[in-house]
Amino acid sequence: MTETLQNHLDESIKLELNLAKLYTVLHDCFSEDEDFWWQLAMEERGHASLLQQEKKQPQPLAFFPENLLSQDLQSLVNANSTISELITRFSETPPTRYIAFKTALDLELSAGESHFQEFLESPANSYSANIFKQLNQEDRDHAERIRIYMKENNITV
C-alpha cells in the first residue's frame with residue numbers, strides 16, 4: 001500500500017469515527033431526537049469498521065474498490081479538523097436543534113461523506129465494491145434522511 005493511499009484510508013476512517021462521535025454528542029443533547037442521532041452514529045461506526053477491516057487484510061487494498069475513498073486528502077483533513085472542533089464546542093455548549101441538524105446536513109454534503117454516498121450509488125465494477133455495497137445496504141443517504149427528518153419534525157429557523 002502506498003503512503004498516499006494509507007493516508008487517505010486513515011483520514012477516511014477518522015472522518016467516519018469523528019462523525020459518529022459528533023452524532024453521539026447530538027444524541028446526548030436532544031432526547032427528542034436521540035434515536036435518530038444514535039442510528040446515524042452507528043452507521044458511521046459501521047463505515048469506519050469496513051475501512052478498518054481492509055487495513056487488517058494480509059494485502060491491504062488488494063481488492064479495495066478504487067473509487068471508495070475521496071481523492072482530495074486535504075478536504076478530508078479539513079473536514080476532520082472541523083468536526084473535531086464541533087465535537088468540542090457542542091460538548092461544552094449544546095447547539096440549538098436547528099443548528100445541530102443544519103450542521104449535520106452540511107457535513108454529510110461535504111467532500112468525504114458525499115464521496116462515500118456517490119460510491120454507494122455508483123455501478124458496482126468489482127467484487128469488493130459489491131461486498132462494500134451489500135454491507136451498507138441498510139445505510140440510506142444520510143443527507144436525505146436528515147432533510148426528511150427535519151421536514152417531518154418541523155425543524156426550521
Side-chain angles (χ1 to χ4, degrees), residues 7-56 64-65 67-124 128-157:
N7 290 340
H8 273 79
L9 185 55
D10 289 344
E11 284 297 321
S12 295
I13 291 168
K14 187 176 176 181
L15 177 69
E16 301 297 340
L17 291 174
N18 278 338
L19 281 167
K21 286 178 194 171
L22 178 64
Y23 294 158
T24 301
V25 168
L26 296 176
H27 162 272
D28 295 343
C29 291
F30 301 100
S31 59
E32 66 267 43
D33 305 311
E34 67 184 5
D35 291 342
F36 181 81
W37 292 121
W38 189 253
Q39 184 64 39
L40 289 182
M42 291 300 102
E43 290 173 9
E44 296 297 354
R45 284 186 184 95
H47 299 163
S49 180
L50 288 172
L51 296 173
Q52 288 168 330
Q53 283 301 110
E54 186 61 35
K55 284 180 65 172
K56 294 178 183 178
F64 201 70
N67 63 337
L68 177 59
L69 302 177
S70 170
Q71 297 302 306
D72 185 357
L73 179 60
Q74 190 57 51
S75 71
L76 292 173
V77 170
N78 294 345
N80 277 316
S81 176
T82 297
I83 296 168
S84 292
E85 291 170 11
L86 288 167
I87 292 167
T88 301
R89 184 176 351 140
F90 290 173
S91 294
E92 294 170 357
T93 307
T96 65
R97 195 170 178 220
Y98 173 77
I99 293 297
F101 279 93
K102 177 72 170 99
T103 300
L105 182 58
D106 291 345
L107 291 171
E108 290 292 342
L109 294 172
S110 71
E113 281 299 288
S114 64
H115 187 272
F116 189 79
Q117 185 62 37
E118 287 170 19
F119 164 76
L120 291 175
E121 293 173 356
S122 69
S128 57
N130 280 326
I131 290 173
F132 272 88
K133 288 178 183 189
Q134 287 173 5
L135 291 171
N136 279 282
Q137 65 187 357
E138 293 181 9
D139 296 359
R140 292 183 5 239
D141 182 349
H142 288 179
E144 185 60 22
R145 285 171 45 202
I146 292 168
R147 283 186 189 110
I148 291 168
Y149 190 91
M150 289 177 75
K151 184 176 181 180
E152 289 174 350
N153 291 277
N154 297 315
I155 301 171
T156 58
V157 179

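Since this is a predicted model, take the numbers as computed values, not measurements. Numbers for residues simply follow the sequence, beginning at 1.
Taking both residues in full, the closest heavy atoms of Leu17 and Ala48 are given as CD2-CB, 3.6 Å, listed atom of the first, atom of the second, then distance. The minimum heavy-atom distance linking Thr103 with Leu86 is given by the pair CG2-CD1, 3.6 Å. Residues Glu34 and His27 share a closest heavy-atom pair of O-CD2, 3.1 Å.
Considering only heavy atoms from C-beta on, Glu85 comes within 4.5 Å of Ser81 through its side chain. Side-chain contact between Tyr98 and Met150 is present, with at least one heavy-atom pair separated by less than 4.5 Å. The shortest side-chain heavy-atom distance between Asn18 and Leu22 does not fall under the 4.5 Å cut-off. Using a 4.5 Å cut-off on side-chain heavy atoms (C-beta onward), Arg145 and Leu40 make contact. You'll find the side chain of Asp33 reaches within 4.5 Å of the side chain of Tyr149, heavy atoms only.
Put simply, NZ on Lys151 and OG1 on Thr156 are 12.5 Å apart, with the number rounded to the nearest 0.5 Å. Asp106 CG to Glu108 CD: the interatomic distance, rounded to the nearest 0.5 Å, is 10.5 Å. Between atom CG of residue Leu26 and atom OG of residue Ser91 there is a gap of 9.0 Å, rounded to the nearest 0.5 Å. With values rounded to the nearest 0.5 angstrom, Arg45 atom CZ is found 12.5 Å from His47 atom NE2. Atom OH of Tyr23 and atom NE2 of His142 lie 7.0 Å apart (nearest 0.5 Å). Rounding to the nearest 0.5 Å gives a distance of 12.0 Å between CD1 of Ile83 and OG1 of Thr88.
Checking Asn7 against Glu11 by side-chain atom types alone, no donor-acceptor pair falls below 3.5 Å.
Between the side chain of Ser84 and the backbone N or O of Asn80 there is at least one donor-acceptor pair closer than 3.5 Å. Proximity of a side-chain donor or acceptor of Thr24 to a complementary backbone N or O of Ala20 within less than 3.5 Å is detected.
Ring geometry for Phe101 against Trp37 counts as tilted: the plane angle lies between 30° and 60°, on a 0 to 90° scale.
The pair Glu32-Arg97 meets the salt-bridge criterion, since a charged nitrogen lies less than 4.0 angstrom from a carboxylate oxygen. The pair Asp10-Lys14 does not meet the salt-bridge criterion, since no charged nitrogen lies less than 4.0 angstrom from a carboxylate oxygen.
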